[in-house]
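Residue numbers run from 1 in the order of the sequence given. The figures here come from the full heavy-atom set of this structure, side chains too, leaving out hydrogens, waters and symmetry mates.
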Amino acid sequence: MKTLKDAKIGDTVKVVKVTGSGPIKRRIMDMGITKGTEIYIRKVAPLGDPLEITVKGYELSLRKGDAEMVQIEC
């Protein structure tokens with residue numbers, strides 16, 4: 001399954017599942033990244049980390065390690 005880390009700039013993707021456990025999963029979900037949410041990939045930093053995304057109308061930066069925990073469908 002693809003993860004948010006694999007998405008390309010300009011893609012709009014839909015969250016299928018948030019993996020992981022404990023406080024990291026809770027923090028990702030508190031940011032609004034939950035099952036069924038659409039995410040737009042705005043840009044990626046020059047060295048590839050972090051990703052800048054738009055979720056539920058606001059902009060968010062997300063580390064690649066955290067983005068790997070978000071399974072998506074295109």
For the pair T19 (side chain) and M69 (backbone), establish whether a donor and an acceptor sit closer than 3.5 Å, ignoring hydrogens and angles.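 Yes, the answer is positive, given that a donor and an acceptor are paired below the 3.5 Å cut-off.
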Could you tell me whether the side chain of D11 and the main chain of K8 form a donor-acceptor pair under 3.5 Å?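 A pair under 3.5 Å: yes.
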Between [X] and [Y] (salt bridge meaning N to carboxylate O under 4.0 Å), is one present in this structure?
X	Y	value
R27	D30	no
E38	K14	no
K2	E73	no

Between V70, D6, I53, I39, which is the residue that forms a side-chain contact (heavy atoms from CB on, under 4.5 Å) with V13?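 Testing V13 for a side-chain contact (heavy atoms from CB on, under 4.5 Å) against V70, D6, I53, I39 leaves exactly one candidate, I39.
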[Y] and [X], any side-chain heavy atoms less than 4.5 Å apart:
X	Y	answer
I72	T3	no
Q71	V15	no
T37	V55	yes
T54	L60	no
D49	L47	no

Test side chain to side chain contact (heavy atoms under 4.5 Å, CB included) on R42 and E59 and set out the steps. CA-CA 9 Å; R42 296 192 66 229; E59 296 167 5; 3.2 Å; yes
Side chain to side chain contact (heavy atoms under 4.5 Å, CB included) assessment of L51 paired with V44: CA-CA 5 Å; L51 305 171; V44 179; 3.6 Å; yes
Got a sec: does the CD1 of I24 have more than 12 other heavy atoms crowding it under 6.0 Å?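 Check fails, neighbour count at 12 or below.
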Supply the atom-to-atom distance I33 CD1 to K56 NZ, rounded to the nearest 0.5 angstrom.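 Between I33 CD1 and K56 NZ, I get 9.5 Å after rounding to 0.5 Å.
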